[in-house]
Amino acid sequence: VQLQASGGGLVQSGGSLRLSCVVSEGTFSRLSMGWFRRAPGKEREFVSAITWSGGSTLYGDSVKGRFTISRDNSKNTAYLQMNSLKPEDTASYYCAARTKPHVTRYSGTMPADYDYWGQGTQVTVSS
């Protein structure tokens, strides 16, 4: 399973970006997907996750109400729509995949819960 994240960039505070994560060499519809981020000098932080079917999602408290995770199983792609961006959202964003159908607060919000990782895509929000 290989993951390729893209869509990062420089945006002003209040702006929007959409990140994409394309999965290859695996059965995408059998992977739950997650997004994490790491800011300089900080630990990796859970951002969002979505189940196999897309029927259930989770969000970190800092992004709830501003970010939306989705997936298109026909395109082997997961998305993270980021609205109302703030300078504190500046980080490298990583997509991850796991071979379990569900994500819950107890399983799916920690980096160790995921089996595969993509490279990061940088998001920088200017004030």
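These numbers come from the heavy atoms of this one structure, side chains and all, not from hydrogens, waters or symmetry mates.
Using a cut-off of 4.0 Å between Lys/Arg side-chain N and Asp/Glu carboxylate O, D89 and R37 are scored as salt-bridged.
Residues W35 and F67 form no side-chain contact, since every pair of their non-hydrogen atoms from C-beta on lies 4.5 Å or further apart. Using a 4.5 Å heavy-atom cutoff, the side chains of Y79 and T68 are not in contact. Annotation: side chain of E88 is not in contact with side chain of S62 (no heavy-atom distance under 4.5 Å). A heavy-atom distance below 4.5 Å is not found between the side chains of M110 and F46.
In the displayed structure, K42 atom NZ is contacted under 6.0 Å by at most 12 heavy atoms of other residues, nucleotides or ligands.
Screening L58, V103, V47, T104 for a side chain to side chain contact (heavy atoms under 4.5 Å, CB included) with T109, the sole residue that qualifies is L58.
Of all heavy-atom pairs spanning T51 and P101, the tightest one is CB-O, 3.2 Å. A91 and Q122 get closest at one heavy-atom pair: O-NE2, 3.5 Å. Considering every non-hydrogen atom in both R71 and N73, the closest pair reads NE-OD1, 2.7 Å. When all heavy atoms of R38 and Y94 are compared, the pair lying nearest together is CB-CE1, 4.3 Å. The heavy-atom pair separating S84 from S16 by the smallest distance is N-OG, 4.3 Å. Here the closest non-hydrogen pair linking T90 and A39 is O-CB, 3.6 Å.
Side-chain heavy atoms closer than 4.5 Å link hydrophobic residues (I, L, V, M, F, W, Y) into clusters, and following such links, even through other members, never connects Y114 to Y59. No chain of hydrophobic side-chain contacts below 4.5 Å, direct or via other Ile, Leu, Val, Met, Phe, Trp or Tyr residues, connects L31 to F36. One hydrophobic cluster holds both I69 and L85 under the rule that ILVMFWY side chains link at heavy-atom gaps under 4.5 Å. A continuous path of ILVMFWY side-chain contacts below 4.5 Å connects L19 to L3, so both sit in one hydrophobic cluster. A single hydrophobic cluster is seen to contain both I50 and V1, as judged by linkage of ILVMFWY side chains at heavy-atom distances under 4.5 Å, directly or through other members.
For the pair R44 and W117, the cation sits on the ring face: its NZ or CZ lies under 6.0 Å from the ring centre, inside 45° of the axis.
Expressed to the nearest 0.5 Å, how far CG of N76 lies from CD of E25 amounts to 11.5 Å. The CZ atom of R98 sits 5.5 Å away from the OG atom of S32 when rounded to the nearest 0.5 Å. Separating the OG atom in S127 from the NZ atom in K86 is a distance of 14.0 Å, to the nearest 0.5 Å. Separating the CG atom in N83 from the CZ atom in R18 is a distance of 11.5 Å, to the nearest 0.5 Å.
Of the possible polar contacts, one joining the Q119 side chain to the A5 backbone as a donor-acceptor pair under 3.5 Å is found.
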Item to check | Criterion side-chain contact (heavy atoms from CB on, under 4.5 Å) on M33 and F28, from CA distance to verdict | outcome: CA-CA 9 Å; M33 301 296 298; F28 182 71; 3.8 Å; yes

Checklist entry - Yes or no on side-chain contact (heavy atoms from CB on, under 4.5 Å) for M82 and V11, after CA distance, side-chain angles and deciding distance? => result CA-CA 11 Å; M82 306 185 295; V11 64; over 6 Å; no

